[in-house]
Amino acid sequence: MIKLILPAILTIIGNIIFYLLIKKRVDRSIEQYKITYSGIFKEKIDIYREILDKSYRIKLLINRYHLTGDEKMGADFIKEIEAFINYYLKNQPFLSENMLDKLKKIRAEFQFIFDNSHQYYSLSKVRGISKEMRTEMTLKFFEAGNKFKTDNPFNELETVIIKEMRADLNTNNFEK
């Protein structure tokens with residue numbers, strides 16, 4: 001009888017030891033991936049929040065610069081745009097293609113607004129500019145100012161960021 005039970009007991013003990021070794025290795029791997037993933041996840045959320053924050057700051061600067069045309073404000077506006085572009089370029093691996101497309105679009109909008117506002121403020125006081133050119137410059141100036149009042153290019157970017165954040169945070173389950 002011992003000859004029949006001993007191999008069964010040894011097989012059970014061997015399976016338990018094998019199970020514990022594999023389980024320990026798998027648990028360590030899972031824990032390592034959880035730590036890595038949580039770090040990446042937090043970094044991604046921080047990037048989303050920073051992009052939203054930077055876009056709100058630039059939006060405020062755009063409105064102020066467009067209303068006053070102050071030289072210092074224009075320089076601040078350019079610095080903020082450069083910081084915004086550098087930030088999203090550095091963090092491209094964390095951003096979806098859709099979000100990158102929206103960021104490139106918003107960057108073009110910033111440039112359009114700055115160029116037309118700067119041209120208006122710098123050339124509007126110059127004498128000798130034809131009436132047609134002055135009219136065209138004024139129309140582009142008002143078009144630039146109205147970009148964020150009517151077209152609201154920020155809205156598209158904000159919507160994409162918020163949707164991706166909600167998907168990452170899995171907050172859709174909290175809605176009614």
Side-chain angles (χ1 to χ4, degrees), residues 28-126 136-176:
R28 256 190 274 138
S29 293
I30 289 172
E31 190 62 33
Q32 182 180 4
Y33 286 119
K34 279 180 17 184
I35 291 167
T36 302
Y37 180 74
S38 68
I40 291 171
F41 181 77
K42 182 179 180 333
E43 182 72 20
K44 191 174 178 182
I45 297 300
D46 288 345
I47 289 167
Y48 290 163
R49 290 174 60 193
E50 186 65 22
I51 288 173
L52 282 174
D53 183 54
K54 286 181 180 298
S55 68
Y56 291 139
R57 276 199 314 259
I58 291 173
K59 190 175 180 179
L60 183 64
L61 279 173
I62 286 170
N63 288 326
R64 287 181 182 166
Y65 177 68
H66 189 74
L67 292 173
T68 64
D70 183 87
E71 289 281 330
K72 184 187 178 323
M73 209 172 284
D76 292 343
F77 181 36
I78 288 294
K79 285 179 190 173
E80 284 289 327
I81 290 174
E82 288 172 353
F84 180 77
I85 293 168
N86 287 333
Y87 187 78
Y88 85 74
L89 288 176
K90 283 190 302 191
N91 292 295
Q92 284 184 64
F94 296 103
L95 305 174
S96 68
E97 289 298 319
N98 187 23
M99 191 179 304
L100 285 171
D101 289 342
K102 300 297 182 204
L103 287 164
K104 289 174 186 173
K105 183 178 177 184
I106 201 84
R107 184 180 117 196
E109 297 292 341
F110 291 156
Q111 194 65 47
F112 176 81
I113 290 171
F114 179 78
D115 289 347
N116 287 298
S117 297
H118 183 71
Q119 181 182 25
Y120 177 80
Y121 285 120
S122 60
L123 295 178
S124 63
K125 298 172 187 169
V126 174
E136 180 183 340
M137 189 172 56
T138 304
L139 288 174
K140 283 186 178 180
F141 172 75
F142 284 111
E143 180 184 354
N146 289 331
K147 276 281 184 191
F148 293 99
K149 295 175 188 168
T150 56
D151 296 338
N152 201 0
F154 279 111
N155 195 21
E156 288 180 33
L157 176 64
E158 292 165 6
T159 302
V160 168
I161 291 173
I162 290 168
K163 278 183 181 178
E164 289 190 23
M165 284 179 83
R166 285 185 176 162
D168 287 346
L169 294 170
N170 202 15
T171 58
N172 294 335
N173 296 338
F174 301 133
E175 293 180 9
K176 293 180 184 178

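Counting begins at 1 with the first residue of the sequence. Heavy atoms only: backbone and side chains are in, while hydrogens, waters and symmetry mates are out.
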Nearest heavy-atom neighbours spanning [X] and [Y]:
X	Y	result
Y48	F94	OH-O, 4.1 Å
K54	F84	CB-CD1, 3.6 Å
N155	T159	O-OG1, 2.7 Å
Y120	T138	CE1-OG1, 3.7 Å

If the plane angle is over 60° it's perpendicular, under 30° parallel, otherwise tilted; pick one for F114 and H118.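 Correct class here is parallel.
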When the ring planes of F77 and F110 are compared, do they come out parallel, tilted or perpendicular, using 30° and 60° as the limits?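 Taking F110 first and then F77, their aromatic rings stand perpendicular (interplane angle over 60°).
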Taking R49 first and then D53, would you say they form a salt bridge - that is, a charged N and a carboxylate O separated by under 4.0 Å?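 So R49 does not pair with D53 through a salt bridge.
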So which pairs with a foot in residues 72-87 pass salt bridge (Lys or Arg N to Asp or Glu O under 4.0 Å), sequence neighbours left out?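 Qualifying pairs, neighbours excluded: R57-E80, K72-D76.
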What distance separates [X] [atom1] from [Y] [atom2], expressed to the nearest 0.5 Å?
X	Y	atom1	atom2	result
I85	Q111	CD1	CD	7.5 Å
I161	I47	CD1	CD1	11.0 Å
L157	M99	CG	CE	7.0 Å
E143	S117	CD	OG	11.0 Å
N116	Y121	CG	OH	12.0 Å
I162	L52	CD1	CG	6.0 Å

Residues 100-107, side-chain donor-acceptor partners within the protein, below 3.5 Å, at least two apart:
unit_1	atom_1	unit_2	atom_2	d
K102	NZ	E156	OE1	3.2
K105	NZ	E156	OE1	3.2
K105	NZ	E156	OE2	2.9

